[in-house]
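FYI, side chains are in, hydrogens and waters are out, and symmetry mates aren't considered; it's all heavy atoms of this structure. All values derive from a computational prediction rather than experimental measurement. In this chain, numbering begins with 1 at the start of the sequence shown.
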Amino acid sequence: MKQILSVAFVALLAACQTAPVDTPIVDSPIPVPQAETAPDAPAPIPGHQWLYGSAESSVSMRQTWASIAGFVEAKAASGPSHGVVLAPGSTPEQPSFLACEGKPLAAVFDADETLIWNLGSMGYFTRAGIGFDPGVWDDWERTSAGKTAPVPGALAGLDRIRAAGVTVIVNTNRASVNAAGTVDTLSAAGIGDFTHGETLFLRGDAPDGSDKDGRRAMIADKYCAIALVGDQLGDIADPFNDKTLSVAERRALTEAPSVAGLWGNGWFVLPNPVYGPSIRGGFDEVFPPETHWEPTPEGEADVIN
């Protein structure tokens, strides 16, 4: 028995600067019971169902946040000598990191789908049957207070991080002209109170546009950043978002021996199946030709019968 999950679109957030991606129709080998919804309710999107609704997502997020908090507590207690922001000019293949030199410790977080879930905007895009709209997103940045939710585990994790004497800093691609709205949104979600240019860094604060390395350098001038956390690799270092990299090359870059030990050890990435550079790749990139398989004639006969 097959169940067809029809996906109309995958909404993109400008905060991550990726092109809208259409998720293909998927044949599920196992029937999935569907919850009853109002007759006029839009069809749910599988990526949204998983990220924003599922128990599995909640568990994954809480596990990751507990790991982040535990790492930061231990690192703060050890008196680190270096942070985890790539020094200017260094790369994942040949990384170098700035010395702490007595700077106060900080943990640096993306905002959207890392600290908060954008339930209001994603729900609107779904109800309206549209993809990402820059004007709508700009309005969302200004007025999203009270319409987001903290990512599961975030509040407890942030409490532990702050109790360890580590400053929480947000580095997000929300626009600097909408700083007041972002401050209000983070506060309303219980994430904390932030000051633009001190503990909140936004797109437009550095000359490299939507890239984040410029803002990370600004943060590293004042703080020793012992943890970088986001839902996209660009929240860790811009080279991971090099558009010339193939899907396999991008993955291989994260597996380079020079940085492989940093994942979960200063660099943390939360799952996001809804948008971003991870939602890309042709069929043969996702399913390499050497893995292609077809059922045997006996197997085909079993399916037919």
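Panel note: side chain S176, backbone L202; no donor-acceptor pair is recorded below 3.5 Å. Judged by distance alone, the side chain of T91 and the main-chain N or O of Q94 form a donor-acceptor pair under 3.5 Å. Side-chain atoms of H292 come within 3.5 Å of backbone N or O of F287 as a donor-acceptor pair. Side-chain atoms of T143 come within 3.5 Å of backbone N or O of D139 as a donor-acceptor pair. No side-chain donor-acceptor contact under 3.5 Å links S57 to the backbone of S54. For R250 (side chain) and F240 (main-chain N/O), a donor-acceptor pair under 3.5 Å exists by modelled atom type. No donor-acceptor pair closer than 3.5 Å links the side chain of D238 to the backbone N or O of D211.
Going from atom OG of S121 over to atom CG of D133 covers 11.5 Å, rounded to the nearest 0.5 Å. For the atom pair CG of L228 and CZ of R216, the computed distance is 6.5 Å after rounding to the nearest 0.5 Å. The distance from atom CD1 of I226 to atom CZ of F71, rounded to the nearest 0.5 Å, is 6.5 Å. Interatomic distance, CG of L262 versus OG1 of T254, reported as 11.5 Å (0.5 Å rounding). Once rounded to the nearest 0.5 Å, the distance linking CD of E113 with CG of N272 reads 5.5 Å. The distance from atom OH of Y52 to atom CE of M122, rounded to the nearest 0.5 Å, is 3.5 Å.
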#### Entry: Chi angles and distances behind the side chain to side chain contact (heavy atoms under 4.5 Å, CB included) call for V259, E93
CA-CA 7 Å; V259 296; E93 297 96 333; over 6 Å; no
### Task
Starting from the C-alpha separation in whole Å, work towards a yes-or-no answer on side chain to side chain donor-acceptor pair (under 3.5 Å) for D235 and N171.
CA-CA 8 Å; D235 298 323; N171 183 12; over 6 Å; no
### Task
Quick one: do E56 and V59 satisfy side chain to side chain contact (heavy atoms under 4.5 Å, CB included)? Show the steps, please.
CA-CA 5 Å; E56 288 82 355; V59 168; 5.8 Å; no
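Contact of the L51 side chain with the W117 side chain is registered, since non-hydrogen atoms from C-beta on lie closer than 4.5 Å. Under the 4.5 Å side-chain criterion, counting only non-hydrogen atoms from C-beta, V108 is not in contact with Y223. Two residues are said to be in side-chain contact when any heavy atoms from C-beta on lie closer than 4.5 Å; T64 and V229 fail this criterion. Side-chain contact check for V85 versus L98: every heavy-atom pair is 4.5 Å or farther apart. A 4.5 Å side-chain heavy-atom check between D213 and L86 finds every atom pair outside the cut-off. Looking only at side-chain heavy atoms (C-beta outward), T148 and W140 come within less than 4.5 Å of each other. Counting only heavy atoms from C-beta outward, the side chains of D112 and Y275 approach each other to under 4.5 Å. At a threshold of 4.5 Å between non-hydrogen side-chain atoms, the residues E198 and I169 do not count as touching.
Smallest separation of non-hydrogen atoms from F194 and V168: CE2-O, 3.5 Å. A pairwise comparison of heavy atoms in T185 and S144 identifies OG1-OG, 2.6 Å as the closest pair. The shortest heavy-atom contact between G234 and N241 is CA-ND2, 3.4 Å. Here the shortest heavy-atom pairing between P271 and W50 reads CG-CH2, 4.0 Å. Heavy atoms only, all atoms of each residue included: L245 and P239 are closest at CD1-O, 3.8 Å. The heavy-atom pair separating V84 from G266 by the smallest distance is CG2-O, 3.7 Å.
Among residues two or more places apart in sequence or in another chain, the salt bridge (charged side-chain N to carboxylate O under 4.0 Å, His left out) test is passed with D184 by none.
Note: the hydrophobic cluster containing I219 also contains F97 (ILVMFWY, side chain heavy atoms under 4.5 Å, direct or indirect links). In terms of hydrophobic clustering, with Ile, Leu, Val, Met, Phe, Trp and Tyr side chains grouped at heavy-atom distances under 4.5 Å, L105 and F201 are assigned to different clusters. In the hydrophobic cluster analysis, where Ile, Leu, Val, Met, Phe, Trp and Tyr join through side-chain heavy atoms closer than 4.5 angstrom, I116 is grouped together with L200. Note: the hydrophobic cluster containing V286 does not contain V247 (ILVMFWY, side chain heavy atoms under 4.5 Å, direct or indirect links). When hydrophobic clusters are built by joining Ile, Leu, Val, Met, Phe, Trp and Tyr residues whose side-chain heavy atoms come closer than 4.5 Å, directly or via intermediates, V170 is grouped together with M61.
Few gaps surround NZ on K103; more than 12 heavy atoms of other groups in view lie less than 6.0 Å from it. Remark: D193 CG is loosely packed, at most 12 non-hydrogen atoms of other residues, nucleotides or ligands lying under 6.0 Å away.
In this structure, F109 and W65 have parallel ring planes: the angle between them is below the 30° cut-off, well short of the 60° mark.
Checking each of N173, D205, T172 against R215 for a side chain to side chain donor-acceptor pair (under 3.5 Å) leaves exactly one that passes, namely N173.
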